[in-house]
There are 2 protein chains.
Amino acid sequence: MVDRTSGLPAYRQVADDLRARIASGELAPGDRLPSERQMVDTYGVSRPTVRDAVNLLRTEGLVIAEHGRGVFVRRATSVMRLARLSRSAREAGRGAFLGDAAAAGFTPSVEVQVTFEPADARMAELLGVAVGTELCVRDRVMDADGVTVQLAVSRFPRSVTKGTAMEQPDSGPGGTHSRLEEGGHQLDRFTEAVGARMPTPHESSVLQLSPGVPVLTVTRVAFTVDGRAVEVNDIVMSADRFSLAYEIPAT
Amino acid sequence: MVDRTSGLPAYRQVADDLRARIASGELAPGDRLPSERQMVDTYGVSRPTVRDAVNLLRTEGLVIAEHGRGVFVRRATSVMRLARLSRSAREAGRGAFLGDAAAAGFTPSVEVQVTFEPADARMAELLGVAVGTELCVRDRVMDADGVTVQLAVSRFPRSVTKGTAMEQPDSGPGGTHSRLEEGGHQLDRFTEAVGARMPTPHESSVLQLSPGVPVLTVTRVAFTVDGRAVEVNDIVMSADRFSLAYEIPAT
DNA sequence: AAGTGGTCTAGACCACTTA
DNA sequence: AAGTGGTCTAGACCACTTG
């Protein structure tokens with residue numbers, strides 16, 4: 001029963017109680033919460049108030065509602081750890097990163113769309129070109145075992161892609177990086193800027209995200225040995241399924 | 001006016017319309033949305049339905065509600081880019097990372113609490129010690145310009161902290177890393193695992209997060225030259241204010 | 001005082017799942 | 001058929017902000 005004199009809204013009290021019962025283990029992962037109509041009785045509030053409480057827990061990512069079945073405590077998702085290392089470091093097996101092999105099992109690009117567009121202000125800055133410079137855009141949807149796990153959009157100045165297989169959906173053996181090196185653009189290093197935000201409705205449906213799950217965003221820029229940026233890759237993935245592992249030397 | 005025959009729920013139609021008006025720029029960042037009672041008239045739905053629509057946009061991080069004032073289109077937040085590089089790389093000025101100086105302007109630890117606890121399964125694995133091994137825990141709340149921007153909890157095997165200033169709230173000049181090196185634990189490299197999730201209610205209030213803003217989590221492990229893990233640092237920060245920048249060699 | 005969002009009620013009907 | 005969550009209504013009163 002909620003305390004009407006506490007000043008705390010009823011729906012918050014209900015949410016706090018449920019959250020505490022989840023934290024204590026009384027409601028374990030996979031367990032069903034009491035039905036909304038049951039909670040109406042036990043807490044002495046109306047059904048919309050119960051729903052407000054449950055919705056709060058949903059946006060916190062603590063529970064999942066299933067229409068016709070009930071509301072369930074979210075199971076701990078196993079996150080796949082993606083090692084963001086240089087090729088040689090990965091081959092040397094430095095670090096005991098898990099999931100590296102699993103990551104290699106990705107079907108690298110199930111669906112690719114190639115388009116062309118002028119550089120906007122952000123691309124101009126990242127690539128070091130003028131606004132309006134023509135870019136080659138490779139929009140990729142990456143699947144693993146039939147489920148979409150990652151969205152990636154790469155943009156190149158068209159000066160490096162013209163006349164190469166990079167402007168075809170199938171960029172050939174070794175992918176775009178091999179084509180770049182063949183064109184004399186030897187890669188030196190990548191920078192990655194990692195952020196997070198709530199998904200757009202489109203991302204939410206394509207990546208099959210449950211409510212309360214953010215996306216990780218990675219902006220990966222490839223630089224050649226002469227310091228020139230040749231690719232900007234915007235990657236979006238479920239924060240529920242992935243973490244990104246980096247290694248930093250101390251000195 | 002919503003279309004009652006479309007099959008799409010009314011609150012979704014209202015949300016979609018508002019989202020489209022925000023995307024088109026008709027409702028610009030900082031603009032106030034029509035009041036809930038106005039939308040009741042314009043869309044021909046009840047107020048709870050309007051609120052469902054607005055709440056959806058709130059959890060998406062698109063709008064902010066201010067009690068007594070209105071609902072406003074979220075302003076683009078300027079994210080501070082934190083360069084996660086080795087000390088020497090940062091001193092060499094490699095890469096044109098912004099915000100590096102700003103990051104250096106942090107008050108490194110406004111509030112530190114030191115406690116001791118036995119290692120749980122996760123700490124045992126990360127530190128390579130037995131479950132139950134005594135750990136020194138440094139819980140830090142980091143502020144910048146008076147606002148809390150980061151929470152960090154470092155855990156060390158007590159075997160490396162015993163008898164040092166690391167077990168004091170003030171760990172002395174150069175911080176814990178200087179104390180480690182003085183104790184013969186020369187640091188070699190760090191691994192960082194980056195993830196994201198929705199904040200707990202506690203994090204939400206301490207970091208002053210608006211609804212719909214996830215947190216970035218970083219698990220940073222420090223390794224000595226002999227390959228031993230000596231520190232696990234769990235960091236939490238607002239995804240609204242920070243992105244993390246890494247550099248990866250190509251080969 | 002007037003307008004805003006925040007909370008809450010007591011219903012109703014629908015869509016989905018399971019037995 | 002029964003139980004579940006999903007949607008929706010027509011109100012009410014409160015708390016906060018602004019003129």
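Numbers restart at 1 for each chain; the letters A, B, ... are given by sequence-line order, proteins then strands.
- One side chain, B/Ser6 or B/Gln13, offers a donor N or O that lies under 3.5 Å from an acceptor on the other.
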DNA chain D in dot-bracket form (Watson-Crick or G-U pairs under 3.5 Å, [ ] crossing, | inter-strand) is ||||||||||||||||||.
From CA spacing to verdict: side-chain contact (heavy atoms from CB on, under 4.5 Å), B/Met142, B/Ile235: CA-CA 10 Å; B/Met142 289 150 106; B/Ile235 308 165; over 6 Å; no
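- Going from atom CG of A/Asn55 over to atom C1' of C/dG6 covers 15 Å, rounded to whole Å.
- At most 12 non-hydrogen atoms from other residues, nucleotides or ligands lie less than 6.0 angstrom from CD of A/Gln113.
- The number of heavy atoms from other shown groups lying within 6.0 Å of CZ (B/Arg32) is above 12.
- A/Val71 comes within contact range of the sugar-phosphate backbone alone, with a heavy-atom separation under 4.0 Å but no base atom that close.
- Near DNA chain D, meaning a heavy atom under 4.0 Å from it, residues 35-43 of chain A has A/Ser35, A/Glu36, A/Arg37 in order of number.
- Rounded to an integer number of Å, the gap from A/Arg32 CZ to D/dT4 C1' is 7 Å.
- Under the salt bridge (charged side-chain N to carboxylate O under 4.0 Å, His left out) criterion, B/Asp234 pairs with B/Arg122, not counting sequence neighbours.
- For B/Arg51 and A/Asp52, the salt-bridge test fails: no basic side-chain N is under 4.0 Å from an acidic carboxylate O.
- Residues A/Arg4 and A/Val45 form a side-chain contact, since some pair of their non-hydrogen atoms from C-beta on lies under 4.5 Å apart.
- Taking the salt bridge (charged side-chain N to carboxylate O under 4.0 Å, His left out) definition, one finds that B/Asp17 meets it with B/Arg21, sequence neighbours left out.
- Going from atom CE of B/Met237 over to atom CD of B/Glu203 covers 11.5 Å, rounded to the nearest 0.5 Å.
- Separating the CZ atom in B/Arg19 from the CG atom in B/Leu62 is a distance of 7.0 Å, to the nearest 0.5 Å.
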Walk me through it: do B/Arg197 and B/Thr217 pass the test side-chain hydrogen bond (donor to acceptor under 3.5 Å, both in side chains)? CA-CA 8 Å; B/Arg197 56 171 170 75; B/Thr217 62; 5.5 Å; no
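- How far CD of A/Glu231 is from CG of A/Leu126: 12.0 Å, rounded to the nearest 0.5 Å.
- The environment of CZ in A/Arg75 is sparse: at most 12 heavy-atom neighbours from other residues, nucleotides or ligands sit within 6.0 Å.
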Polar pairs (N or O, both sides) under 3.5 Å between protein and nucleotides 16-19 of chain D?
from, atom 1, to, atom 2, distance (Å)
D/dT18, OP1, B/Arg69, NH1, 3.2

Using atom names, set out every protein N or O paired with an N or O of nucleotides 7-10 of chain D below 3.5 Å, distance rounded to 0.1 Å.
from, atom 1, to, atom 2, distance (Å)
D/dT7, OP1, B/Tyr11, OH, 3.0
D/dT7, OP2, B/Tyr11, OH, 3.2
D/dC8, OP1, B/Ala10, N, 2.4
D/dC8, OP2, B/Ala10, N, 3.2
D/dC8, OP2, B/Tyr11, N, 3.1
D/dT9, OP1, B/Arg4, NH2, 2.9
D/dT9, OP2, B/Ser46, N, 2.8
D/dT9, OP2, B/Ser46, OG, 2.7
D/dT9, OP2, B/Thr49, OG1, 2.6

